[in-house]
Trainee: 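Okay, here's the structure, questions in a sec.
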Amino acid sequence: MVAFSASGTDRPSSPTSRVSALESRVLEAIDDEETLQLLCDLIAEPSENPPGNEERCAQLLASFLEQRGVACRLDQAAPGRPNLYAKVGAGGPTLVMCGHLDTVPAGEGWTLDPFSAAVTDGRVYGRGSCDMKAGLASAAAALLAVNKSGISLKGSFALHAVIDEEVGSAGARKAAAEQHAHWAIVTEPSGSQVLARGNGQLNFEIVFHGKAVHSSHPEDGRNAIHDAAAFVVLVEEETRRLSGSGLAGIGPATYSVGIVKGGRGGSTVADRCELTLDRRVLPTEDLEQVEEQVRLLLARLGTERPGLDWELSRTVAFPPLKGSGNGPLEKVLTDVLADIGRPVTEPRPGMRFATDAAWYEAAGCPTVVFGPGDVAIAHQPDEHVALGEVELVSRALALCGVRLLT
Ligand SMILES: [Zn+2]
């Protein structure tokens with residue numbers, strides 16, 4: 001950990017009179033220095049995915065919580081890749097805070113060591129600082145504060161630190177299906193805003209098959225790259241058509257082609273071209289319906305280009321966060337934010353990115369996304385998070401736990 005000098009712009013203000021004496025006791029139990037140290041330790045322990053080496057981070061977080069009296073359990077969600085379940089209190093109802101342990105690979109272009117956890121001007125830098133070790137540290141701080149305050153809960157306040165969000169969400173799928181929860185807060189970077197609805201994500205691999213011939217006689221073959229290019233044009237038109245769709249604060253459904261690969265050489269007609277297609281899915285849509293739209297686009301292309309030969313497979317599938325039944329949870333969190341001096345502004349934002357919230361909602365649990373950091377700086381070199389936001393979110397999560405469980 002390097003020198004700490006806070007700018008303080010996002011720091012929580014003094015609690016209002018709406019915060020009870022019991023709640024004040026919990027707020028006073030929050031130790032921001034300890035939370036900062038935990039965040040730096042988590043950043044300094046790489047957990048890039050791929051390859052998916054979250055185990056040491058899970059162990060680090062477990063020993064931090066256990067040393068402070070919180071019961072923890074590691075549960076293998078994939079070989080050598082454990083989820084961590086921690087909780088305060090017992091029985092139901094259960095409020096879960098969920099965060100993922102993995103990060104995207106550090107990548108190129110950093111001006112500082114991505115694992116040094118440098119702290120400067122009120123920000124912590126490093127891969128995973130924003131997405132989403134800050135969210136995990138805030139959730140751990142909330143759990144510890146409730147535990148340390150000694151208040152008795154009517155139910156359980158829990159943390160699920162899960163593996164694999166950046167690739168296949170094996171961790172959250174297992175946690176949401178097996179660990180029953182009554183409410184869930186996914187502490188992904190939301191700019192400390194409560195996000196009650198958000199887009200899902202479908203990725204496809206599409207392979208176009210052609211016929212290789214000498215390119216001096218292209219009419220005797222079938223050029224798979226040309227077929228793929230015609231599909232890309234169709235997808236662009238479709239993106240323009242969808243630009244008026246969507247909900248306030250969430251934005252339209254979108255298509256984006258991520259990778260195009262094809263061809264064998266300059267003088268050979270390409271017999272194969274693969275592309276990856278990303279489709280963001282609105283809360284008013286579902287995954288099956290959207291896959292059918294993509295198949296219809298390909299079928300339409302087939303009528304324009306007879307003999308078109310394609311295969312389509314799903315590679316990523318996150319359902320959208322529809323917001324089913326999450327109004328009461330959203331209200332408790334927005335009230336708590338107002339009570340610690342951060343009233344919610346209208347119109348309320350939604351979420352354009354997909355998160356593990358989808359799996360908790362799919363398991364029947366009302367879920368929102370609320371965490372520190374700006375998702376626009378996630379997955380980039382010099383990723384960082386403002387400490388003031390970590391402090392604000394720690395307090396809001398702790399008070400939310402108290403209000404729902406006492
Ligand atoms: Zn994330």
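Basis for what follows: all heavy atoms, side chains included, without hydrogens, waters or symmetry-related copies. Atoms within a ligand are numbered from 1 in the order they appear, just like the ligands themselves.
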Trainee: Which atom, counting only N, O or S, brings H100 closest to the Zn ion (ligand 1)?
Mentor: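 Sorting the N, O and S atoms of H100 by distance to the Zn ion (ligand 1) puts NE2 first.
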
Trainee: Given the side-chain rings of W183 and Y360, with only the six-membered ring counted for Trp, is the space between their centroids under 6.0 Å?
Mentor: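 They do not qualify: ring centres at least 6.0 Å apart.
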
Trainee: Nearest 0.5 Å, what's the NE2-CD1 distance between H160 and I185?
Mentor: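 Nearest 0.5 Å value for the NE2-CD1 distance: 12.5 Å.
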
Trainee: As a test of reading the structure, name the N/O/S atom of D131 that is nearest the Zn ion (ligand 1).
Mentor: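 Considering only N, O and S atoms, D131 comes nearest to the Zn ion (ligand 1) through OD1.
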
Trainee: Would you please say whether a donor-acceptor pair under 3.5 Å links the side chains of T315 and E205?
Mentor: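 The criterion, which ignores hydrogens and geometry beyond distance, is not satisfied for E205 and T315.
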
Trainee: In a check of side-chain contact (heavy atoms from CB on, under 4.5 Å) between R280 and each of T254, I250, L242, which one passes?
Mentor: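 That would be T254.
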
Trainee: For the Zn ion (ligand 1), does an N/O/S atom of E188 lie at less than 2.8 Å?
Mentor: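 Checking E188: at least one N, O or S atom is under 2.8 Å.
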
